[in-house]
Amino acid sequence: MDQTSEKKAFILTIDDDEINNMLLGAILEEEYEVVSILSGEKAIEFLKGRKPDLILLDLNMPGMNGFQVLEYLKQDKDLKEIPVIMLTAEMDQETEVKGIQSGAFDFLHKPYIPTLILTHVHRTLELISLQKRMQERINIQIQTTMNQLASTKRLFKQMVFALAKTIDAKDPYTNGHSQRVADYSREIAFRAGKSKTYQRKIFFIALLHDIGKIGVSGQVLNKPDKLTPSEYSSIKVHPIIGSSILSSVQEMEELQVGARSHHERYDGTGYPDGLAGQAIPEKARIIAVADVYDAMTSKRSYRDILPQEVVREELVKAKGTQLDPKFTDIMLQMIDEDVEYRMHE
Ligand SMILES: [Fe+2]
């Protein structure tokens, strides 16, 4: 037995009859460390200082009887796992049923037969040790799975951030734009009462909303002057390029809705699909509000950050035409709370 190979298992016997205790000690002490205690009350005192691997507990004792001691043990979070073998004077099925229901592991009957006692004790300790080892293995397995899951989540997050940075690297005027749009979108979703999962998803979807700009010429993106009609049309394909890139992420099909639909307009005059109202995916409607807000509150080659009252006015004008009124109202509320106008590039 592995308990005895390194350290002897420790058994506590609790019996008011000293002769019985001595007898049990004599049978067990060759293989185990045995401590004998003569009452339930003293045993409970003893257990505050040391935890045995097994308890042999007499049923009939003056003061606390075996059932009361057992009840105490089962209510204590540090002691309830210790297996208890109950010692009874004779076979009594009713008592045994009550004992098992109260959490006793096994029963032994007086008079004691050494071989039988040793067998019961061996078996109990082995079963308990097996149970512990299995539980440890299960715990390790659970921990490993949790670590893998956390690592996968981190990997996903880092990949999305890396992708988002590639857009900002290509278009210096959108420096930090993806991150800010993601932050604003999450805040709007939070204020709209959306779940934690929704908020997390919209953050990532928004981070990648402009990913399609990777497919647009850098010269056009960086052009400080007014764009020609053909240059403007070349920029307008970025939602389609973006959604096509992200549609390959099959684990999260929704990832591409922001890229695809953030230039749709609530009145149906946007692009690329000309969707209107509720037909525009909700997350894209939120991202559109955040995107428009950030465009006005970021520097451009041809202008500085717009004054807050201008931004507010523009949003009021866009509400219900370009932008979803409900989410625009939330953005307006955020502006009104931003007394010192900190919310900008
Ligand atoms: Fe865009």
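Put simply, the side chain of Lys170 gets close to the backbone of Ile214: a donor and an acceptor are under 3.5 Å apart. Side-chain atoms of Glu41 come within 3.5 Å of backbone atoms of Met64 as a donor-acceptor pair (strictly under, hydrogens ignored). With Glu345 contributing its side chain and Lys299 its backbone, the two residues share a donor-acceptor pair below 3.5 Å. In this structure, the side chain of Glu33 does not engage the main chain of Ala9 through any donor-acceptor pair within 3.5 Å. Of the possible polar contacts, none joining the Glu71 side chain to the Ser102 backbone as a donor-acceptor pair under 3.5 Å is found. Judged by distance alone, with hydrogens and angles left aside, the side-chain atoms of Asp324 form a donor-acceptor pair with the main-chain N or O of Lys326 at under 3.5 Å. A donor-acceptor pair is defined here as one N or O able to donate and one able to accept, closer than 3.5 Å; no such pair exists between the side chain of Glu264 and the backbone of Ile280. Panel note: side chain Gln68, backbone Asn65; a donor-acceptor pair is recorded below 3.5 Å. Checked by atom type and distance alone, the side chain of Ser261 never pairs as donor or acceptor with a backbone atom of Gly258 at under 3.5 Å.
The shortest distance between side-chain heavy atoms of Leu125 and Tyr32 falls below 4.5 Å. Proximity of His109 to Glu96: side-chain heavy atoms (C-beta onward) are separated by under 4.5 Å at one or more points. In this structure the side chain of Leu12 reaches within 4.5 angstrom of the side chain of Leu47, judged on heavy atoms. A 4.5 Å side-chain heavy-atom check between Phe105 and Leu54 finds every atom pair outside the cut-off. Looking only at side-chain heavy atoms (C-beta outward), Val69 and Val84 stay at 4.5 Å or farther from each other. Ile286 places a side-chain heavy atom less than 4.5 Å from the side chain of Tyr198. Here the side chains of Leu149 and Thr145 are not in contact, with every heavy-atom distance at 4.5 Å or above. For the pair Leu73/Ile82, no side-chain contact is recorded, criterion being any heavy-atom separation below 4.5 Å from C-beta on.
Criterion: ILVMFWY side-chain heavy atoms under 4.5 Å apart, direct or through other members. Under it, Ile55 and Leu23 are not part of a common hydrophobic cluster. Residues Leu56 and Phe46 do not share a hydrophobic cluster, clusters being chains of Ile/Leu/Val/Met/Phe/Trp/Tyr side chains in contact below 4.5 Å. In terms of hydrophobic clustering, with Ile, Leu, Val, Met, Phe, Trp and Tyr side chains grouped at heavy-atom distances under 4.5 Å, Phe327 and Val181 are assigned to a common cluster. No path of Ile, Leu, Val, Met, Phe, Trp and Tyr side chains, each step under 4.5 Å between heavy atoms, connects Ile100 with Leu127, placing them in separate hydrophobic clusters. One hydrophobic cluster holds both Leu108 and Leu28 under the rule that ILVMFWY side chains link at heavy-atom gaps under 4.5 Å.
Closest heavy-atom contact between Arg260 and Pro239: O-CB, 3.5 Å. For the pair Asp338 and Arg342, the tightest heavy-atom approach, listed with the atom from each and the gap, is OD1-N, 2.9 Å. The nearest pair of heavy atoms linking Pro52 to Phe10 is CA-CD2, 3.4 Å. Here the closest heavy-atom approach between residue Asp16 and residue Asn60 is recorded as OD1-O, 3.2 Å. Nearest heavy-atom pair across Gly25 and Val34 is CA-CG1, 4.2 Å. Closest non-hydrogen pair, Ile167 versus Leu207, comes out as CD1-O, 4.2 Å.
Residues Glu136 and Lys132 are not paired through a salt bridge, judged by the lack of any N-O separation under 4.0 Å between the basic side chain and the carboxylate. Under 4.0 Å is where a charged nitrogen must lie from a carboxylate oxygen, and between Asp267 and Arg265 at least one such pair does. With respect to the salt-bridge test (charged N to carboxylate O, under 4.0 angstrom), the residues Lys110 and Asp15 qualify. For Glu45 and Lys42, the salt-bridge test fails: no basic side-chain N is under 4.0 Å from an acidic carboxylate O.
Within 6.0 Å of CZ in Arg137 there are 12 or fewer heavy atoms belonging to other residues, nucleotides or ligands. Environment of CD in Glu337: crowded, with over 12 heavy atoms of neighbouring residues, nucleotides or ligands closer than 6.0 Å. A 6.0 Å sphere centred on NZ of Lys98 holds no more than 12 heavy atoms belonging to other residues, nucleotides or ligands. Enclosure of atom CE in Met159 is not indicated, since only 12 or fewer non-hydrogen atoms of other residues, nucleotides or ligands lie within 6.0 angstrom. Shown here is Ile19, whose CD1 atom has no more than 12 heavy atoms of other residues, nucleotides or ligands within 6.0 Å. Atom CD of Glu254 has more than 12 neighbouring heavy atoms from other residues, nucleotides or ligands inside a 6.0 Å radius.
We find the CD1-CG distance between Ile128 and Asp53 to be 10.0 Å, quoted to the nearest 0.5 Å. The NE2 atom of His344 sits 11.0 Å away from the CG atom of Asp294 when rounded to the nearest 0.5 Å. Rounding to the nearest 0.5 Å places CG of Asp17 at 8.0 Å from CG of Asp58. Summarising the geometry, atom CD belonging to Glu251 is positioned 10.0 Å from atom CZ belonging to Phe156; distances are rounded to the nearest 0.5 Å. Between Ser185 atom OG and Gln199 atom CD the span is 11.5 Å, to the nearest 0.5 Å. Leu246 contributes atom CG, which lies 12.5 Å from atom CD of Glu253 (distance to the nearest 0.5 angstrom).
In the model, Tyr184 has no side-chain atom that pairs as donor or acceptor with a side-chain atom of Gln179 under 3.5 Å. For the residue pair Gln143 / Asn147, a side-chain donor-acceptor distance below 3.5 Å is found, with atom types taken as modelled. Using a 3.5 Å distance cut-off with no hydrogens or angles, the side chains of Arg180 and Thr297 do not pair a donor with an acceptor.
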query = Run the side-chain contact (heavy atoms from CB on, under 4.5 Å) check on Arg285 and Gln278 step by step: do they pass?
reply = CA-CA 9 Å; Arg285 278 180 271 140; Gln278 309 290 311; 3.6 Å; yes
request  = Mind running salt bridge (Lys or Arg N to Asp or Glu O under 4.0 Å) on Lys317 and Glu314 for me, showing each step along the way?
outcome  = CA-CA 5 Å; Lys317 273 189 236 162; Glu314 289 302 319; 3.1 Å; yes
inquiry  = Using side-chain contact (heavy atoms from CB on, under 4.5 Å), reason through Ile235 and Leu221 one step at a time and then give a plain yes or no.
reply    = CA-CA 8 Å; Ile235 281 203; Leu221 286 178; 4.1 Å; yes
ask   = Under the side chain to side chain donor-acceptor pair (under 3.5 Å) criterion, do Gln333 and Asp329 qualify, and how do the steps go?
value = CA-CA 6 Å; Gln333 188 196 1; Asp329 276 337; over 6 Å; no
task = Test His177 against His209 for ring pair (Phe, Tyr, Trp, His ring centres under 6.0 Å), laying out the working first.
result = CA-CA 10 Å; His177 170 70; His209 76 282; 5.1 Å; yes
task = Apply the test side-chain contact (heavy atoms from CB on, under 4.5 Å) to residues Leu79 and Tyr72: give CA-CA distance (whole Å), side-chain angles for both, the deciding distance (0.1 Å), then the verdict.
result = CA-CA 9 Å; Leu79 303 174; Tyr72 175 88; 4.1 Å; yes
request  = Take Phe107 and His120 through the side-chain contact (heavy atoms from CB on, under 4.5 Å) test and state the conclusion after the steps.
outcome  = CA-CA 9 Å; Phe107 279 86; His120 276 253; over 6 Å; no
Residues Asp76, Lys51; criterion salt bridge (Lys or Arg N to Asp or Glu O under 4.0 Å); working and verdict = CA-CA 12 Å; Asp76 186 303; Lys51 205 175 144 185; over 6 Å; no
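With Tyr232 as the aromatic partner, Lys226 does not meet the cation-pi criteria of under 6.0 angstrom to the ring centre and within 45 degrees of the ring axis.
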